[in-house]
K.L.:
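Right, I'll just put the structure down here and ask away after.
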Amino acid sequence: MDQVLKRLSFFSSLDSESLNKLSEIIVEREYKKGSSIFIEGEEAEAVYVVRNGKVKIYKTGSDGKEHIIHIMSDGDVFAESCIFEACPYPASAEAVEDTVLYVLENNKLEKLLEEHPKIAVELVKIMARRLRMVAMQIENLSLKDANQKTATLIVNLFKIGGVEVINGAKIKLDVSRTEMANMVGLTRETLTRTLFKFKNEGIIDIDGKELIIVDSYKLLQLV
């Protein structure tokens, strides 16, 4: 277990003692594609770490429309915001593909954090990064046009997939066009038009479910 944990970003800087203590409280769970992990408003009971797979974090508006906040992949931590006080989950989580999660129950994790400050420091760093991510999303939604939003989305999808944004790089699109559009506050139709505009301009190529970068310079200029 310790060696598996060490390969995930959240655990990579922890010493052997911290890893041993964490492994004692971790429960491994498998979720099939499309399975709900938790629903917004439910009482928060645990923190989750993606061992492998992808999870979408989303909110549902009063109109029933889904707004994707983030796509979590290997090593990412989520639902950490309710560790220090009892509160409901602020968003919902669903497996985008077959996924394995490490689950850390809040009551056990809180006790462990008191005894091992190094783990608490790593968690605080994650929460700080999450705040920066939310600030960037607000900027994307309020200040950028469709071209900029779509370019930012493409770059972020490559980052999530752990693929460098260079000419010839490719990723498999595991999320639908609607889900992609919801990530940056566009309609599905606008996103689709913009993707094909980028394709016609020689910035990207789309082959089935594969997205390929043709001109990374032009793409990054739009972000």
Side-chain angles (χ1 to χ4, degrees), residues 9 33-37 40 50 52-78 90-99 129-223:
S9 56
K33 179 179 179 179
S35 298
S36 174
I37 298 162
E40 179 180 354
V50 182
N52 57 271
K54 286 187 173 62
V55 173
K56 67 176 178 182
I57 309 299
Y58 66 95
K59 292 180 73 70
T60 304
S62 57
D63 58 356
K65 185 177 180 181
E66 186 180 285
H67 301 273
I68 296 179
I69 300 169
H70 197 64
I71 301 290
M72 301 294 178
S73 57
D74 298 8
D76 284 339
V77 180
F78 61 97
S92 302
E94 180 184 304
V96 175
E97 60 186 37
D98 290 351
T99 297
R129 287 198 295 270
R130 193 86 74 233
L131 285 172
R132 290 197 296 271
M133 182 192 74
V134 170
M136 290 174 62
Q137 285 181 312
I138 292 171
E139 179 186 356
N140 287 340
L141 291 172
S142 61
L143 301 178
K144 294 185 176 182
D145 61 23
N147 288 343
Q148 293 170 314
K149 288 179 179 180
T150 302
T152 300
L153 170 66
I154 293 169
V155 170
N156 287 341
L157 288 173
F158 273 82
K159 288 181 179 178
I160 290 168
V163 180
E164 189 178 356
V165 181
I166 57 175
N167 292 354
K170 62 178 69 175
I171 57 169
K172 182 181 178 182
L173 295 175
D174 297 311
V175 291
S176 69
R177 294 285 192 274
T178 299
E179 289 172 323
M180 290 168 62
N182 290 341
M183 291 174 72
V184 286
L186 294 174
T187 64
R188 185 184 189 281
E189 292 74 18
T190 299
L191 174 72
T192 300
R193 281 199 305 270
T194 308
L195 286 172
F196 279 101
K197 177 174 180 285
F198 284 5
K199 180 177 180 178
N200 292 334
E201 292 176 352
I203 298 173
I204 63 168
D205 194 12
I206 300 172
D207 183 10
K209 285 201 167 187
E210 270 195 340
L211 179 63
I212 305 143
I213 295 178
V214 177
D215 192 328
S216 59
Y217 177 78
K218 285 184 179 179
L219 177 67
L220 292 171
Q221 286 291 100
L222 290 167
V223 172

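Only heavy atoms go into these numbers, but all of them, side chains included; no hydrogens, no water, no symmetry mates. Bear in mind the structure is a predicted one, so any value in this text is a computation, not a measurement.
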K.L.:
Taking all non-hydrogen atoms of both residues into account, name the closest pair between Ala93 and Val55 and its distance.
P.N.:
CB-CG1, 4.0 Å

K.L.:
Hey, are the side chains of Tyr58 and Asn182 touching, using non-hydrogen atoms and a 4.5 Å cut-off?
P.N.:
no

K.L.:
Quick check: do Leu222 and Ile203 have side-chain heavy atoms less than 4.5 Å from each other?
P.N.:
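Yes. Closest side-chain heavy atoms under 4.5 Å.
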
K.L.:
According to salt bridge (Lys or Arg N to Asp or Glu O under 4.0 Å), who are the partners of Lys218, at least two apart in sequence or on a separate chain?
P.N.:
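Not a single residue meets the salt bridge (Lys or Arg N to Asp or Glu O under 4.0 Å) criterion with Lys218.
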
K.L.:
Quick check: do Leu153 and Leu191 have side-chain heavy atoms less than 4.5 Å from each other?
P.N.:
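Leu153 reaches Leu191 side chain to side chain.
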
K.L.:
Are the side chains of Ile154 and Leu195 in contact, using a 4.5 Å heavy-atom criterion?
P.N.:
yes

K.L.:
For Ser216, give me all partners under side-chain hydrogen bond (donor to acceptor under 3.5 Å, both in side chains), at least two apart in sequence or on another chain.
P.N.:
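With sequence neighbours excluded, Ser216 shows a side-chain hydrogen bond (donor to acceptor under 3.5 Å, both in side chains) to Asn167, given in chain and number order.
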
K.L.:
Using the test salt bridge (Lys or Arg N to Asp or Glu O under 4.0 Å), find all partners of Glu97 that sit at least two apart in sequence or belong to another chain.
P.N.:
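Partners of Glu97 by the salt bridge (Lys or Arg N to Asp or Glu O under 4.0 Å) criterion come out as none, since no residue qualifies.
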
K.L.:
Can you list the residues that meet the side chain to side chain contact (heavy atoms under 4.5 Å, CB included) rule with Glu189, with sequence neighbours excluded?
P.N.:
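Thr187, Arg193.
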
K.L.:
Any side-chain to backbone donor/acceptor pair from Asp76 onto Ser73? Under 3.5 Å, distance only.
P.N.:
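Checked: pair present.
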
K.L.:
Once side-chain hydrogen bond (donor to acceptor under 3.5 Å, both in side chains) is applied, do any residues pair with Glu201, and if so which ones, sequence neighbours excluded?
P.N.:
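Glu201: side-chain hydrogen bond (donor to acceptor under 3.5 Å, both in side chains) contacts with Lys197.
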
K.L.:
Rounded to the nearest 0.5 Å, what separates atom CD1 in Ile57 from atom NE2 in His70?
P.N.:
8.5 Å

K.L.:
Distance from Ile204 atom CD1 to Leu211 atom CG, nearest 0.5 Å?
P.N.:
5.0 Å

K.L.:
Lys59: which residues meet the side-chain hydrogen bond (donor to acceptor under 3.5 Å, both in side chains) condition with it, sequence neighbours left out?
P.N.:
Glu40

K.L.:
How far apart are the closest heavy atoms of Glu164 and Phe158, and which atoms are they?
P.N.:
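Reported closest heavy-atom pair: O-CD2, 4.3 Å.
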
K.L.:
What residues form a salt bridge (Lys or Arg N to Asp or Glu O under 4.0 Å) with Lys56, not counting sequence neighbours?
P.N.:
Glu66, Glu94, Glu179

K.L.:
Excluding sequence neighbours, so at least two apart, what forms side chain to side chain contact (heavy atoms under 4.5 Å, CB included) with Leu220?
P.N.:
Val155, Val165

K.L.:
Could you work out, with side chain to side chain contact (heavy atoms under 4.5 Å, CB included) as the rule, every residue matching Val214, not counting sequence neighbours?
P.N.:
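By the side chain to side chain contact (heavy atoms under 4.5 Å, CB included) rule, Val214 matches Asp205.
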
K.L.:
What residues, two or more places apart in sequence or in another chain, satisfy side chain to side chain contact (heavy atoms under 4.5 Å, CB included) together with Thr194?
P.N.:
Ala146, Asn147, Thr150, Thr190, Phe198

